[in-house]
There are 2 protein chains.
Amino acid sequence: MANSLQDVVRVALQVLDTHGLEFASMRRVAAALDVQPSALYHHVPNKQTLLALMADEILARGRRTDPNGPWDEQVSALCHEIRDAMLAVRDGAEVVATASAFGLGAGEPEQRLIRMLSDFEHDVAVTGARTIMLFVLGHASARQMHEQASATGAITYDPSIGSPESFDLGLGLVLSGLRAALPVRV
Amino acid sequence: MANSLQDVVRVALQVLDTHGLEFASMRRVAAALDVQPSALYHHVPNKQTLLALMADEILARGRRTDPNGPWDEQVSALCHEIRDAMLAVRDGAEVVATASAFGLGAGEPEQRLIRMLSDFEHDVAVTGARTIMLFVLGHASARQMHEQASATGAITYDPSIGSPESFDLGLGLVLSGLRAALPVRV
DNA sequence: ACCTGAACACCGTTCAAGT
DNA sequence: ACCTGAACACCGTTCAAGT
């Protein structure tokens, strides 16, 4: 039976999760779909686009409805949501990071962050959202890259490198910086 | 005449700067050295290692002696030094970012940052240095990736994306967060 | 609409052999 | 010590042709 774009993205994510980004080739995805490599180009114009769709799917799978409560708790919850979603797939953070350079994947979460920071001056909200996003993405990415590098034996594993504790500490630092920029309530 | 490892790294950086990371292949570096591809493996065990050496060289070229003055001015100066060094070479930030996952390249600057934060509790200094490093690296990386993506025509160019202004604002946010954690002087 | 089969222009890496 | 030449096992992408 014929495959849909959805099938392609889903199977591509499976290949990514089991083999890692390095071996997530178009040819492997095609093989996993029991199809010739050229068949993929009916669904997608190139690999870059497929990676972007995968990034969207990774983030979509973790999506929860925004909580209410103080802005900092909202932001913290969203950051954990994004982090968990990326860590749920092997090399997921790396895929989201590269896709976000094309304005895809990470753009939507950043908009949600900006909305949560609407009590701030607009410039501060925009800068804050981007800084938080860079931290969340970079932190998860560093963790997964270190995992992969140490699995290959290229380096000795350091459990502190992408730990939840260091994530909360770093995020706390940025949130604390934001609090200092909070305009006084009228 | 025979090439040294230094020559290889230097020419590899030239290839990177003129063609971009995507086309910085071992074969192209070999061609630029007027040598067979296999000859590179006399100097370097694999491409990953060559990239790590390139990352070190990128950062070394921007290295200045640490200034004295208040800690936040020292940190800010160092961050600009690292950023400028990475931006001086096409896709330089991306190369440093991937190399840093292997404990190379970005490790030394991070140690310098920790030293500048020695007035803080050790945990705070370590977290602060890493968070700052993630920001500087991620910010420069996002800028260069966006430049490359928009040059390919895949996306419309947005000059605000890796601007010096947004860099200073984001860095200021993190520094402000650190100030809140500063222990009171005795 | 979805796919096959064959081809093109590339990769990184290995290895025996040369000087 | 530094390099050649040939090979191996891969890539992403294109394109005519099939159903």
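Per chain, numbering begins at 1; letters A, B, ... match sequence-line order.
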Among residues at least two apart in sequence or on other chains, which ones pass side-chain contact (heavy atoms from CB on, under 4.5 Å) with S118(B)?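 Partners of S118(B) by the side-chain contact (heavy atoms from CB on, under 4.5 Å) criterion come out as none, since no residue qualifies.
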Which whole-number value in Å describes the distance from L5(B) CG to dC3(D) P?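 In whole Å, dC3(D) P lies 11 Å from L5(B) CG.
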Under 3.5 Å for both distances, Watson-Crick or G-U wobble, that's the pair rule; now give the dot-bracket for DNA chain D, with | marking pairs to another strand and [ ] for crossing ones. ||.|||||...|||||.||
Write down the distance separating the P atoms in dA9(C) and dA9(D), rounded off to the nearest Å.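 The same atom, P, in both gives a distance of 22 Å.
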C1' spacing across the pair dC15(C) / dC3(D), given as an integer number of angstrom: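 That atom pair is separated by 13 Å.
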Just to verify, what does [X] make a salt bridge (charged side-chain N to carboxylate O under 4.0 Å, His left out) with, not counting sequence neighbours?
X      : answer
D91(B) : none
E73(B) : none
D66(A) : R112(A)
R90(A) : none

On the nucleotide dC3(C), are OP1 or OP2 found under 4.0 Å from the side-chain N or O atoms that H43(A) carries?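 Result: yes.
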Quick one: is dC3(D) close enough that its OP1 or OP2 comes under 4.0 Å of any side-chain N or O from N3(B)?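 So the side-chain polar atoms of N3(B) do come within 4.0 Å of the phosphate oxygens OP1 or OP2 of dC3(D), strictly under.
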Do the ring planes of W71(A) and F120(A) sit parallel (below 30°), tilted (30 to 60°) or perpendicular (above 60°)?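 The rings of W71(A) and F120(A) stand perpendicular, inter-plane angle above 60°.
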In the hydrophobic clustering (ILVMFWY, side-chain contacts below 4.5 Å, transitive), which residues join [X], or is it alone?
X       : answer
V126(A) : I114(A)
M145(B) : none
F23(B)  : none

For nucleotides 9-12 of chain D, print each protein N/O atom paired with a nucleotide N/O atom at under 3.5 Å, atom names and distance only.
{"residue": "dC11(D)", "atom": "OP1", "partner": "S25(A)", "partner atom": "OG", "Å": "3.1"}
{"residue": "dG12(D)", "atom": "OP1", "partner": "M26(A)", "partner atom": "N", "Å": "3.1"}
{"residue": "dG12(D)", "atom": "OP1", "partner": "K47(A)", "partner atom": "NZ", "Å": "3.0"}
{"residue": "dG12(D)", "atom": "OP2", "partner": "M26(A)", "partner atom": "N", "Å": "3.0"}
{"residue": "dG12(D)", "atom": "OP2", "partner": "R27(A)", "partner atom": "N", "Å": "3.4"}
{"residue": "dG12(D)", "atom": "N7", "partner": "R27(A)", "partner atom": "NH1", "Å": "2.5"}
{"residue": "dG12(D)", "atom": "O6", "partner": "R27(A)", "partner atom": "NH1", "Å": "3.0"}

R63(B): what forms a side chain to side chain donor-acceptor pair (under 3.5 Å) with it, not counting sequence neighbours?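 For R63(B), the residues satisfying side chain to side chain donor-acceptor pair (under 3.5 Å) (neighbours in sequence not counted) are E108(B).
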So which protein nitrogen or oxygen atoms get under 3.5 Å of nucleotides 4-6 of chain D's nitrogens or oxygens?
{"residue": "dT4(D)", "atom": "OP2", "partner": "Q36(B)", "partner atom": "N", "Å": "2.6"}
{"residue": "dG5(D)", "atom": "O6", "partner": "S38(B)", "partner atom": "OG", "Å": "2.6"}

Would you kindly say whether H139(A) and S166(A) are connected by a side-chain donor-acceptor distance under 3.5 Å?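 Result is yes, a qualifying pair exists.
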